[in-house]
Peer 1: 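Starting off with a structure, shown below.
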Amino acid sequence: MITDATATITEVNDTFSQITGYTAEYVLGKNPKILQSGRHPPAFFAKMWEALLAQGYWRGEIWNRRKNGDVYPEILTISAVKNAEGKVQHYVSLSTDITSMKAYQGQLEHIAHYDVLTNLPNRVLLADRLSQAMAYCQSHKQSLAVAFMDLDRFKEINDSYGHAVGDKLLIALSQRMKDALREGDTLARIGGDEFIAIMVDLQNTKLSSAILERLLKATSDPVMVDGAIIRVSASIGVTFYPQDNSDADHLMRHADQAMYSAKQAGKNRYRLFDVEQAYAGKIQLENIDNIRLAMERGEFLLHYQPKVNMRTGEVIGTEALIRWQHPKSGLIPSLDFLPVIEGQPLSLELGEWVIDTALNQISDWQNIGICFPISVNISAYQLQQDNFVSRLKALLASYPEVGPPFLELEILETSALHDINQVSSTMNECHKLGVRFALDDFGTGYSSLTHVRRLPAQLIKIDQTFVRDMLEDAGDLAIVKGVIGLAQAFECEVIAEGVETIAHGQALLKLGCELAQGYGIARPMSASKIPEWVSTWKTDDPWKGM
């Protein structure tokens, strides 16, 4: 199309007439405005003319209208033709009808955003709609629900009837589920027999219950496919935003987790994602990661609490107690972090580190003339590992200068309750290596003669909770007497924890218990302080000769 300087059409070719439906005779003398579709605002044409006047050229995509009223897209290029003085004489435009290209582009976009089988939104479009819905919830202070749905027994249907029937079933159920939702809600198929529904505009979470029940009914009602009556159901997991204040990806993951809970609970039901439980689990994982990082950085250390014979004043050993030297929080006691990794593989790594560090410390002390055992606490989880004995043997082999009897392993009495046969067998294998055992916190669990008889421990430790109050509490005193008598009857040594005063020591000595540890003797201390403490410590006068 050619126009003069005033934009009056002066010439068009045959292709122009084929595309627009206008003959040359009709458009000559008219303005190109006759082609405008009404889709573009005045600002669009203002920018076009601004470019033409400033640069003499414009190119872009534009929607025009044919003579029959159809709107069509085209690529349009307009160039200004100037004379020798630089004055515009004509405008020449070249246009290409891109209707077929736009249709193909629309098909590609549909394929990119919709499931081919069910014509439901796919994961890509679902993510976009969920993000928009979350933004709407934030601005309007409302809730939305994300429901993850997995069909029960669908694999059996495919195996029994074939994939063609399975596909028809998916199409039928997807339409039912879509009908069960409200206008404005979204149902998407994200693969196989998995669907996700987004329920928006919820004033409160209770409003979703009726919708979820409709979804369960939609999937569990029988479906007729190729003459066969097919019955399936759905397991549904649900999470609510912003109560579950996660991003879009994690909302779908949380709904997926809740769906598995519904599966495990018997299928054909829905389960809600437990935000508080998940938060606690997240915190635990973060704590585990922090402990793992602390191991890598070498932030753990051992403190040692001396164990003595109150009557003779002999230092008979020390108990190794793990501490975390946190760069910000300072020295953290074991009870603040060990329960976090209980039963985790990380606890095995840390447990082996404690044994290795203790053996290394025994070696260092022996080099300066300090020769007594170190006792190490062993968790039930570590003790019950099939390779515990072989791992212990390897650690001992790394320190051939340290005799195995210098390592003592302390186990909680309750550690043996789950499988006393396995624990007893493991302890006997360790004895063959020369390692001693102590039964820790005796009396706090389900103490019985069976445990003492079947668990080959050389030492019984009276728990500090009984020792601490034995001077005032007749019941605690009776327990202390009973444990001492039991140890003597089975020819085991007995040591009292929690000895805090001279009076505690005197009472224990009268009952026949000579070995003790506690704040009244020494607090746990770093390895570097042990030599000086050993050289200066003396037993209290009231304990001598009792």
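The shown structure was predicted, so the numbers you read here are calculated from the model rather than taken from an experiment. Any value given below was found using the heavy atoms of this structure, including those in side chains, with hydrogens, waters and symmetry copies removed.
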Peer 1: Using a 4.5 Å cut-off on heavy atoms from C-beta on, say whether the side chain of Phe437 contacts that of His431.
Peer 2: yes
Peer 1: First locate atom CG of Leu346, then atom CG of Asn287, and finally report the distance between them rounded to the nearest 0.5 Å.
Peer 2: 11.5 Å
Peer 1: Test your reading of the model: is there a side-chain donor-acceptor pair from Arg182 to the backbone of Val200, 3.5 Å cut-off?
Peer 2: yes
Peer 1: Heavy-atom distance under 4.5 Å between the side chains of Ile411 and Leu439, does that happen here?
Peer 2: yes
Peer 1: Taking all heavy atoms of Leu338 and all of Leu350, pick out the closest pair and write down the distance.
Peer 2: CD2-CD2, 3.8 Å
Peer 1: Could you walk me through whether Asp256 and Arg253 pass the salt bridge (charged side-chain N to carboxylate O under 4.0 Å, His left out) test, one step at a time?
Peer 2: CA-CA 5 Å; Asp256 188 10; Arg253 291 187 193 181; over 6 Å; no
Peer 1: Please give me the minimum heavy-atom distance between Ser235 and Ala262, naming the atom from each residue.
Peer 2: CB-CB, 4.0 Å
Peer 1: Under 6.0 Å from the CD1 atom of Ile229, do we count more than 12 heavy atoms belonging to anything else shown?
Peer 2: no
Peer 1: Run Asp179 and Gln175 through side-chain hydrogen bond (donor to acceptor under 3.5 Å, both in side chains) and show every step you take.
Peer 2: CA-CA 6 Å; Asp179 292 341; Gln175 186 58 53; 3.0 Å; yes
Peer 1: Any donor-acceptor pair under 3.5 Å linking the side chain of Asp249 with the backbone of Met252?
Peer 2: no
Peer 1: Decide side-chain contact (heavy atoms from CB on, under 4.5 Å) for Met199 and Leu212; before the verdict, give the C-alpha distance in whole Å, the side-chain angles of both, and the deciding distance to 0.1 Å.
Peer 2: CA-CA 10 Å; Met199 292 166 273; Leu212 293 169; 3.8 Å; yes
Peer 1: Under 3.5 Å, is there a donor-acceptor pair between the side chain of Thr186 and the main chain of Ala197?
Peer 2: no
Peer 1: I'd like to check Phe240 versus Leu272 (side-chain heavy atoms, cut-off strictly below 4.5 Å). Are they in contact?
Peer 2: yes
Peer 1: Can you confirm whether more than 12 heavy atoms, excluding those of Tyr26, are under 6.0 Å from its OH atom?
Peer 2: no
Peer 1: Pair Glu213, Tyr270 - check side-chain contact (heavy atoms from CB on, under 4.5 Å), show working.
Peer 2: CA-CA 9 Å; Glu213 292 294 344; Tyr270 67 85; 3.6 Å; yes
Peer 1: Just so I know, are the side chains of Glu319 and Lys461 near enough to count as touching, which here means a heavy-atom distance under 4.5 Å?
Peer 2: yes
Peer 1: Do Tyr399 and Asp356 pass the side-chain hydrogen bond (donor to acceptor under 3.5 Å, both in side chains) test, and can you show the C-alpha distance, the side-chain angles, and the key distance before you say yes or no?
Peer 2: CA-CA 9 Å; Tyr399 299 90; Asp356 182 75; 3.1 Å; yes
Peer 1: Once you round to the nearest 0.5 Å, how far does CG of Leu216 lie from CG of Asp221?
Peer 2: 10.5 Å
Peer 1: Rounded to the nearest 0.5 Å, what separation is found between the CG atom of Leu144 and the CG atom of Leu251?
Peer 2: 7.0 Å
Peer 1: Would you check if Ile190 and Met149 make a side-chain contact, meaning some heavy-atom pair closer than 4.5 Å?
Peer 2: no
Peer 1: Name all pairs fulfilling the salt bridge (Lys or Arg N to Asp or Glu O under 4.0 Å) condition that reach into residues 115-131, sequence neighbours left out, sorted by first residue then second.
Peer 2: Asp115-Arg189
Peer 1: Determine whether more than 12 heavy atoms belonging to other residues, nucleotides or ligands lie under 6.0 Å from atom CG of Asp14.
Peer 2: no
Peer 1: Count the heavy atoms belonging to other residues, nucleotides or ligands that lie under 6.0 Å from CG of Asp386, then report whether that count exceeds 12.
Peer 2: no
Peer 1: Within a reach of under 6.0 Å around CZ of Phe44, are more than 12 heavy atoms found that belong to other residues, nucleotides or ligands?
Peer 2: yes
Peer 1: Counting C-beta onward and ignoring hydrogens, is there a side-chain heavy-atom pair between Thr426 and Gln384 closer than 4.5 Å?
Peer 2: no
Peer 1: Quick one: ring pair (Phe, Tyr, Trp, His ring centres under 6.0 Å) partners of Tyr136, sequence neighbours excluded?
Peer 2: His140
Peer 1: Checking salt bridge (Lys or Arg N to Asp or Glu O under 4.0 Å) between Asp152 and each of Lys267, Arg231, Lys263, which is the one that passes?
Peer 2: Lys263
Peer 1: What I want to find out is whether Asp289 reaches Arg292 closely enough, with some N-O distance under 4.0 Å, to be called a salt bridge.
Peer 2: yes
Peer 1: Taking the side chain as C-beta and beyond, is there a heavy-atom pair between Asp244 and Ser246 under 4.5 Å?
Peer 2: yes
Peer 1: Could you pull out the closest heavy-atom pair between Gln458 and Arg436, with the gap in Å?
Peer 2: OE1-CA, 3.5 Å
Peer 1: Tell me yes or no: between the side chains of Glu342 and Ser379, is some donor less than 3.5 Å from an acceptor?
Peer 2: no
Peer 1: Working to the nearest 0.5 Å, report the span between CG of Asp440 and CG of Asp463.
Peer 2: 7.5 Å
Peer 1: When Phe45 is tested against each of Lys33, Glu50, His40 for side-chain contact (heavy atoms from CB on, under 4.5 Å), which residue passes?
Peer 2: His40
Peer 1: Closest heavy-atom contact between Ala320 and Ile374?
Peer 2: CB-CG2, 3.8 Å
Peer 1: With sequence neighbours excluded, give me every ring pair (Phe, Tyr, Trp, His ring centres under 6.0 Å) pair touching residues 147-182.
Peer 2: none
Peer 1: For Ser174, is there any backbone N or O sitting under 3.5 Å from a side-chain donor or acceptor partner on Thr118?
Peer 2: no
Peer 1: Is a side-chain N or O of Arg214 found less than 3.5 angstrom from the main chain of Ala180, in a donor-acceptor match?
Peer 2: yes
Peer 1: Between Val275 and Gln243, what is the shortest heavy-atom contact and its length?
Peer 2: CG1-O, 3.9 Å
Peer 1: Begin from the C-alpha positions of Met48 and Ile62 and carry the test side-chain contact (heavy atoms from CB on, under 4.5 Å) through to its verdict.
Peer 2: CA-CA 11 Å; Met48 175 192 292; Ile62 189 171; 4.2 Å; yes
Peer 1: Go through it in stages, so that I can follow the logic: the residues are Phe300 and Ile291, the test is side-chain contact (heavy atoms from CB on, under 4.5 Å), and I'd like the CA-CA distance, side-chain angles, deciding distance and then a yes or no.
Peer 2: CA-CA 9 Å; Phe300 291 105; Ile291 294 171; 3.8 Å; yes
Peer 1: Quick one: pull up CZ in Phe388 and SG in Cys430 and give me the separation to the nearest 0.5 Å.
Peer 2: 5.0 Å
Peer 1: Please report the shortest heavy-atom distance between Pro222 and Arg176, naming the atom on each side.
Peer 2: O-NH2, 2.8 Å
Peer 1: When rounded to the nearest 0.5 angstrom, what is the spacing between CE in Met259 and CD in Gln264?
Peer 2: 10.0 Å
Peer 1: Is any side-chain heavy atom of Leu407 closer than 4.5 Å to one of Leu392?
Peer 2: yes
